Chemist: 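Got a structure for you, questions after.
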Amino acid sequence: MSSTNRTVVVTGIGATTPLGGDSASTWEGLLAGRSGVRPLEGERFAELPVQIAATAAVDPGDVLPRPLARKLDRSAQFAVIAAREAWADAGYTAPAGEDASVAPERLGSVIASGIGGVTTLLDQYDVLKEKGVRRVSPHTVPMLMPNSPSANVGLEVNARAGVHTPVSACASGAEAIGYAVEMIRTGRADVVVAGGTEAAIHPLPIAAFANMMAMSKSNDEPTKASRPYDTGRDGFVLGEGAGVVILESEEHAKARGARVYCEVLGQGLSADSHHIAQPEPTGRGIAAAMQNLLDATDLKPSEVVHLNAHATSTPQGDVAEIKALRKVLGDDLDHVAISATKSMTGHLLGGAGGIETVATVLALHHRLAPPTINVDELDPAVDADIVRDEPRELPQGTIAAINNSFGFGGHNVVLAFRTV
Amino acid sequence: MAATQDQIVEGLAEIVNEIAGIPVEDVQLDKSFTDDLDVDSLSMVEVVVAAEERFDVKIPDEDVKNLKTVGDAADYILKNQA
């Protein structure tokens, strides 16, 4: 079974996001240019400098059966919900083995999270302080460990080829998808459930990000707060949710007659080695990742018509990314319709690469690039074609798209997809 | 006032329902927590802590392994409640 350089395709998608409880409602929200950012109500957020977030449109506790939900951190709840949707969307009717079209030993799970079960950790610390040792939940460790979403998704689908969790802050979700592609390409698996999840809307992470001066403080206008490429952008807005795809070797997908959304060409990776949290201002590392992608795949810059940017709405990061794109793609950047979907979903940290891969796959599938909202005045340093306010039709024929994700720590992950 | 066996089983049924989602009427004296009621070893700790609180009883970790069935737990609580 060990073969290399196998073609990898996307056969299923699932999401639960600030815009909707599934991928269809999320896509509808993206095309409509709807903001998922809302005020944070409640006493515990009252003292914070940031009182807005892109909270999940559908509470995962209302979706999963209570006995399961209470044993899962919110990040794992999102992952399981998105994975169930993706699994069914790919045409699988039961866990591997029970559904004979995939063997458990040929199925993997690679779901990443930037922070893991941070709310479980903090809530249980409150229990320890307020109610004592005996009341700390025995589920605390399996809930808070960052590999919990991947492991729980693996249990859902009966994945035995490997369950993995790359952690690279806000690049985690994209890194998971890249890792999954390699699992299939190198013959370790035929099918992998891959994506990212995050659930960190809690006063502590918000206070910490706010003190880094990384977050928007536009508390008065929540829906206008996330504004990538706008001259008035003042930081990211924290979001929560998960995005998951089913990746499959082309031969496996064909053998079972699966619907194929697109091909995943591969990934380009690099590290900035510049600062633990600051973006490298020239985009050197991002350009290197992009170049590595072009070197590692047969992607031609002329085919790239769409790019889901990392663009978190920070003053420095958004521009560094555009500089890097221009450097590597040159004039080919002129025919790339760039969407910054974080303008609507907020920034899901480790979940971003997951939901933005879902958005990129759907953009190719429907040949429609979602808009970037809140660009009232385009930053003149943004020398690229930003899709603003309305969706943009993408060309017919064979087209390709790129999804960028970068993370604190200097991680750069660039993924490429192409129509089949 | 100490709880009767019926009251204890009723209380355990509510606890198991909350933790494992098993219908209260299925929680009977002869039922095994792990084999019949979908209570794994971690969830059993939750059941024990909830029972301790509800029935004002201490169930040390070394005794938990002897509580295989709802009947075992009910008897233990009957004997040891304050």
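Residue numbering restarts at 1 for every chain, and letters A, B, ... go by the order of the sequence lines. These numbers were taken from a predicted model, which means no experiment stands behind them. FYI, side chains are in, hydrogens and waters are out, and symmetry mates aren't considered; it's all heavy atoms of this structure.
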Chemist: Can you establish whether the number of heavy atoms outside A:E105 located under 6.0 Å from its atom CD is more than 12?
Modeler: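 Yes, CD of A:E105 has more than 12 neighbouring heavy atoms, counting only those of other groups under 6.0 Å.
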Chemist: Which atoms of B:S41 are under 4.5 Å from chain A, going by heavy atoms: the side chain, the backbone, both sets, or neither?
Modeler: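 Neither part.
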Chemist: Roughly how far, to the nearest 0.5 Å, is NZ of A:K131 from CD of B:E53?
Modeler: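 Between B:E53 CD and A:K131 NZ, I get 8.0 Å after rounding to 0.5 Å.
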Chemist: Quick one: pull up CG in B:D40 and NE2 in A:H139 and give me the separation to the nearest 0.5 Å.
Modeler: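 So the CG of B:D40 and the NE2 of A:H139 are separated by 6.0 Å.
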Chemist: With side chains defined as the heavy atoms from C-beta onward, is the minimum distance between B:D38 and A:P67 less than 4.5 Å?
Modeler: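 Contact flag for B:D38/A:P67 side chains = no.
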Chemist: Return yes when atom CD of B:E25 has more than 12 non-hydrogen atoms of other residues, nucleotides or ligands closer than 6.0 Å, and no otherwise.
Modeler: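 Count over threshold, so yes.
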Chemist: I'd like to check A:R66 versus B:N17 (side-chain heavy atoms, cut-off strictly below 4.5 Å). Are they in contact?
Modeler: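 They are not in side-chain contact.
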Chemist: Decide if atom CD of A:E47 counts as having more than 12 heavy atoms of other residues, nucleotides or ligands within a radius under 6.0 Å.
Modeler: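 Not buried by this count: 12 neighbours or fewer within 6.0 Å.
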Chemist: For the NZ atom on A:K129, are there more than 12 heavy atoms of other groups (residues, nucleotides or ligands in this structure) within a distance under 6.0 Å?
Modeler: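 Enclosed.
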Chemist: Give, as side chain, backbone, both or neither, the part of B:E18 having an atom under 4.5 angstrom from any heavy atom of chain A.
Modeler: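 Both backbone and side chain.
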Chemist: To the nearest 0.5 Å, what is the distance between CG on B:D61 and CZ on A:R134?
Modeler: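 So the CG of B:D61 and the CZ of A:R134 are separated by 5.0 Å.
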Chemist: Is any side-chain heavy atom of A:P138 closer than 4.5 Å to a side-chain heavy atom of B:M44?
Modeler: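 They are not in side-chain contact.
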